[in-house]
*Asks:* 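I am attaching a structure below and will ask some questions about it afterwards.
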Amino acid sequence: MEELREKACRLRLQVLDMVCSKKGGHIGGDFSEMEILLQLYCREMNIDAARPDAPERDRFILSKGHSVEALYAVLADRGFFPAEELSCYLSFGGRLVGHPNNQVPGIEMNTGSLGHGLSLGVGMALAARLRGLGSRTYVLMGDGELAEGSVWEAAMAASHYGLDSLCATVDRNGLQISGSTEDVMRLEPLAERFRSFGWNAIEVPDGNDFAQLGAAYALARSTKGRPSVVIAHTVKGRGVSFMEGRAKWHHGVPAEAERLAAAGELEAAMRDGR
Amino acid sequence: MIANKQAICDNLLQLASEDRSILVLCSDSRGSASASGFAESLPEQFIELGIAEQNLVSVAAGLAAGGMRPFVLAPAAFLSSRSLEQIKVDVCYSGSNVKLIGISGGVSYGPLGLTHHAVHDIAALGVLPGLRVYMPADAEASRSLIRRLAADSLPAYVRVGRNASREVYPEGGADLSADRALTVRPGSDVTVVACGDMVACAAEASDALRDRGVSCRVLDMFCIKPLDREAVARAAAETSGIVTVEEHSAFLGLGSLVAQELAGTGVPLTRLGLPDSPVVTGSQQEVLDYYGLNAGGIARAAWALCRR
Ligand SMILES: [Mg+2]
């Protein structure tokens, strides 16, 4: 079986293709969240592409909907739709819109306007409880979107209802479109803020490391009576040296020379098992 | 006489007793929504979200995605404004089976001011893709409408007032199962197209006009969206003019939707509604009277159309 690390490189190459061929997308966030998505879709969640509407399935919401290219690559890899369809990303009349759309198999809700996902997750977790289902609900948020007040309305409600089947992840890459999150609108002390809202906050020092993510999700799963948030310290643009940690790659589109350089780095990493 | 919101909650309680997927969600609004009885009788199916309308609507969408049938009951002023984007994206765009009930709409809150008035909700929500917008005329109409909505799977917004509406329909006499305007009074000279509490006023105006020899048709256009365009076209063809009346801004509400239908036909139209400014201070009735949104004002407008 393909190693997850190898898969992460291969899917980053697919994302690079999508973004460069259509000259649009959010490659920085796609690359920072790739390991989180793969950990959830390959190791954590109870999902079956053959039964995308199974009532007992776990739910995933990409609240940071702009980083949809990585999700498309992962969903295609998991068999929700053919990988060939990735070439239809952003195409006229197609269903691979520039933000998640529930016309695509495996996508639960339309997102893209920030700050909605955690509330949707609260609703889904409440529904699972009311129906007596063991489904878990996973919500992936960006760090920039945590400035939205609705996130904290949802955080309050999730702990009020003790939703331990709800697990949020913050793709804590430290950057948003204008620069550092701490310069734009300070988030720290982020874990303390979630804890003060009644959450179990789990910090992951390297959010692009599968083992660390796996340990965090195991801890979240075993935490009862309150929701958990995994604060995954990731690197924006992870995997391509000249993109890493640079806000311009929030939605930058690589020029041809940059595309070649990026592809070269990703292919080398895949070969070397990095 | 009971308020429309009470009729809605009474019927939801009956329906929810037999269908555990039916839920009521409130934003610290259970008292004003007449939902306290529901909350006490079916606590597992009542979800309190506190004063947080954005979360309220998105949670409802999440519940719907999880197979539940949520009814959100919150003041129309806040539901149609604070959570507008959540309605647009999480309800409409995602196609969620969420029913939004805006209570105490229009100028129900009277002297409390513009913060609490909802005279913009048809304009704000009617433009959202696929969202149906309803305004029932009385408790009987509300009963019929809510039973229909509980059985379907598409989003809808229903606006009701705070106080009891005057009775328009006898028990069992309102069928809102299709998006067809209800003919409250037949008539051949002039037509009044009304919604919500204005329907009873229009009926009273029609009765007064009859005594003066004018045959005034009254249409209850509870289905503001989708508008019953055929009923408007028939009224335009069969009577000499149309008066619209609504407890909403006269701009971008029912009157504007009817005007769209009449554009280019030359059929005379008078739109009665609230002004494009914060309304005068007063009780609901004082405000409506001030702007001529009563039987007298409707009769005068209809009479003027007939005398053209
Ligand atoms: Mg970020």
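Labels below follow one simple rule: chain letters A, B, ... track the order of the sequence lines, proteins then strands, and each chain is numbered from 1. Note that the structure is a prediction, hence the values are computed from the model and not measured.
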*Asks:* I'd like to know if the side chain of A/R129 and the backbone of A/Y161 have a donor-acceptor N/O pair within less than 3.5 Å.
*Replies:* yes
*Asks:* When only pairs under 4.5 Å are counted, which of A/R131, A/E108, A/Q103 shares the most heavy-atom pairs with chain B?
*Replies:* A/R131
*Asks:* May I ask you to name which of B/R20, B/E48, B/E44, B/Q45 has the most heavy-atom pairs under 4.5 Å with chain A?
*Replies:* B/E48
*Asks:* Counting heavy-atom pairs under 4.5 Å with chain B, which one of A/E153, A/M124, A/R59 comes out on top?
*Replies:* A/E153
*Asks:* For the side chain to side chain contact (heavy atoms under 4.5 Å, CB included) test, which of B/L23, B/V91, B/I101, B/L79 pairs with B/V72?
*Replies:* B/L79
*Asks:* In terms of side-chain geometry, is the basic nitrogen of B/E85 or B/K88 positioned less than 4.0 Å from the acidic oxygen of its partner?
*Replies:*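 Salt bridge: no.
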*Asks:* Taking A/S113, A/A127, A/G112, A/S119 one by one, which has the highest count of heavy-atom pairs under 4.5 Å against chain B?
*Replies:*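 Of A/S113, A/A127, A/G112, A/S119, A/S119 has the most heavy-atom pairs under 4.5 Å with chain B.
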*Asks:* Donor-acceptor check, side chain of B/E246 to backbone of B/G255, threshold 3.5 angstrom: yes or no?
*Replies:* yes
*Asks:* So for A/A128, is it side chain, backbone, both, or neither that comes closer than 4.5 Å to the heavy atoms of chain B?
*Replies:* neither
*Asks:* So which part of B/S96 gets closer than 4.5 Å to some heavy atom of chain A, the side chain, the backbone, both or neither?
*Replies:* side chain
*Asks:* Okay, side chain of B/R132, backbone of B/L154: is any donor-acceptor separation there less than 3.5 Å?
*Replies:*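 Here the side-chain-to-backbone pair exists.
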